[in-house]
There are 2 protein chains.
Amino acid sequence: MHTVAARAGVSIASASRVLNGLGGSAETVRRVREAAAAVGYVPNAIARSLQSQRTGLIALAVEDIGNPVYVAMMRAIEAVVAESGHQLLVHATGGNVAGETALLRRLAHRYVDGMIISPIRVTEAHVAALTASPVPVVVVGQLPEDVPVDNVRADSRTGVALAVDHLVAAGRTRIGFVNGPLDTVPGAARDAGFRAAMARHGLAVEPAMVEVGDFQYAAGRAAAQRLLARAEPDAIVCANDLIAVGALHALLVTGRRVPEDVALVGMDDTELAQMSFPQISSVSLGSAERGKLAARLLLDRIADGTLVPRREHVAPSLVVRTSSGGVQ
Amino acid sequence: MHTVAARAGVSIASASRVLNGLGGSAETVRRVREAAAAVGYVPNAIARSLQSQRTGLIALAVEDIGNPVYVAMMRAIEAVVAESGHQLLVHATGGNVAGETALLRRLAHRYVDGMIISPIRVTEAHVAALTASPVPVVVVGQLPEDVPVDNVRADSRTGVALAVDHLVAAGRTRIGFVNGPLDTVPGAARDAGFRAAMARHGLAVEPAMVEVGDFQYAAGRAAAQRLLARAEPDAIVCANDLIAVGALHALLVTGRRVPEDVALVGMDDTELAQMSFPQISSVSLGSAERGKLAARLLLDRIADGTLVPRREHVAPSLVVRTSSGGVQ
DNA sequence: TTGTATGCGTTATCAT
DNA sequence: ATGATAACGCATACAA
């Protein structure tokens, strides 16, 4: 900038104004533009940030970037965020509490203008870090009622019910369930949802028909194998699509036909569900929609920090595919 | 900082020194620490960056964050980069030249300390932006010989050969090929590799046995369907795993058995290949290894910009699974 | 050891 | 319209 101003024979103030499109005489504008082009001037993002108190960065923190559900969410967020001139900084937290709270605390350094975080567990430490954060944060997922933070949530309880209802309507009664860890927010909600839905249909939940692993493919496959070794379900509900793909493998490798022998329903409605064969029915929890909403909430709050905390809900819906008897 | 210094009754220089662990008398250290804790002082990342001329950020630019091969690469990069105290900023370029070169030019703003980019096409504009970049860049993928930029590359030509050799050894002779766009670097290399390998075995490449789509699932599926509508291969090589999963779908939906009727080999050896049923044999192009190497090259260059440009190669290897007759 | 003063690259304020 | 100058928050030469 200094160089540009000197070369154009004006003050650095004038140069700055011209380069930012604010006023200037025709002659000044011309000379500054010319000088800038000549020396290949490019504004320094850091210095600009120091002055503007904004970095133009928005962080997204999710457990596992390999899970397609987060890819879908990320794409939706990226679209909104890019439109506002921000860039997305992605953190993979691995789902551990220490890492997530450390991340939240680091927000105090103001290296980003805001953060969207989807914690899989919510602890006291989370809440403390969340409320103490000097930069706006939006939480995707459940959150205690009294935490004054913008929040968008799915309804996975109802989502599981959708799956169970669908299977019961199709005549299935021996319905198994492969879940993720019960000490996670989604794990607990999906467990409760499954039991409530089964009870509503007057179906008993046999312990042998329920397995818990991780929200991952390998764990889902192993959990399904354990379940199939001791029970004969005519349908299996899985707590997400990664688990469902693992369960599909366990079913097919043991010679079971899907959906003829065992119907299968996953959750999150990711690309994986469509890419499997047979294609897997899945409960959409509106991941893209949640991402879009979260991004909007965040941008709104960045623009006006005095807003009252908002809470958005996204309704689940069932996408029926081959694995539960839908068309190919 | 100003506040901390005032509260501790010292100059901001002393406060800064103490907080950075440089000297100070026991008494000064104590008072500054106390004051900092009392006001909850946290250093401002931007101001620190302006001073240090480093942002602590490293960018990764890939075409499609939904492709598991990039997820694997990203994980490897993240591990190396985190260890050095940097954070990863992920860009999805969508593979368009304008976006990629714009990204490279934006490096001049110095919003990151370095970038790892994996362009799917390499144009004049890329080369120009690459060589003009004031911040270190490492290219993952092919690059003209004379471009003085750190570079790590796979050998997908040999990779395809590995697949063809394997299939021929298993007695397959009518080998089809589903590729990505020929005007991309990997697309062109894999096409050449396929033809060379087939020629080496004295096998003709019938035009009807070759299809081109996109490096995506849906396009791969459609391309495979077109191929299968007009030819009867006893094996198919796919230019990546997304295509392979699409081809698997096309095969199964038309009643073909894999591998009995048609053997299938993918490329990139991503999680997808393991998650399919049957599991898909795949040529590993060492994506994690390439990511790790790229990160190391970048960190080295950030530490010392005068290094002579390096070029690393990662050898391909074939992972045999069920889809080509391997064990379950 | 400590404080003063300056610089990092911009933008904004305030005279002129 | 323009220029001098003060922030922005921190780190560091240099002097004391």
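Just the heavy atoms: all of them, side chains too, but no hydrogens, waters or symmetry mates, feed the values below. Since this is a predicted model, take the numbers as computed values, not measurements.
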Could you pull out every donor-acceptor pair under 3.5 Å between side chains of residues 57-70 of chain B and any protein atom, sequence neighbours left out?
from	atom 1	to	atom 2	distance (Å)
B:Asp64	OD1	A:Arg75	NH2	2.7
B:Asp64	OD1	B:Gly66	N	2.8
B:Asp64	OD2	B:Asn67	N	3.4
B:Asn67	OD1	B:Val69	N	3.0

Task: First-last contacting nucleotides on DNA chain C - partner chain A, under 4.0 angstrom, heavy atom - done: C:dG9 to C:dT13
TODO: Return the set of residues passing side chain to side chain contact (heavy atoms under 4.5 Å, CB included) with A:Val42 (not counting sequence neighbours), or none when no residue passes.
DONE: B:Ala108, B:His109
Open item on the list: Using the side chain to side chain contact (heavy atoms under 4.5 Å, CB included) criterion, which residues pair with A:Ala294? Sequence neighbours excluded.
Closed with: A:Ile116, A:Val138, A:Val140, A:Val152
Task: Residues forming a side chain to side chain donor-acceptor pair (under 3.5 Å) with B:Thr123, sequence neighbours excluded - done: B:His126
Open item on the list: What's the angle between the local helix axes at either end of the helix from C:dT1-D:dA16 to C:dT16-D:dA1, using five pairs per end and rounding to 10 degrees?
Closed with: 50°
TODO: Just jot down the side chain to side chain donor-acceptor pair (under 3.5 Å) partners of A:Asp300, sequence neighbours excluded, or say none.
DONE: A:Arg310
Open item on the list: Whole angstroms only, please: what is the CG-P distance between B:Asn44 and D:dC8?
Closed with: 12 Å
Task: With B:Ala13 via side chain to side chain contact (heavy atoms under 4.5 Å, CB included) - residues at least two apart - done: B:Ser11, B:Arg17
TODO: Kindly write out the residues that satisfy side chain to side chain contact (heavy atoms under 4.5 Å, CB included) with A:Gln51, not counting sequence neighbours, or none if the list is empty.
DONE: none
Task: Sequence-distant partners of B:Glu145, side chain to side chain donor-acceptor pair (under 3.5 Å), two or more places apart - done: B:Arg311
TODO: Write down the distance between CG (B:Leu50) and C1' (D:dT12), rounded to a whole number of angstrom.
DONE: 14 Å
Task: Ion pair check, A:Glu34 and A:Arg31, cut-off under 4.0 Å - done: no
Task: Residue list, side chain to side chain donor-acceptor pair (under 3.5 Å) with B:Asp304, at least two apart or on another chain - done: B:Thr306
Open item on the list: Please encode protein proximity along nucleotides 1-7 of chain D as a string of B, S and -, counting only heavy-atom distances under 4.0 Å.
Closed with: SBBB--B
TODO: Provide, to the nearest angstrom, the distance between the NE2 atom belonging to A:His109 and the C1' atom belonging to D:dG9.
DONE: 14 Å
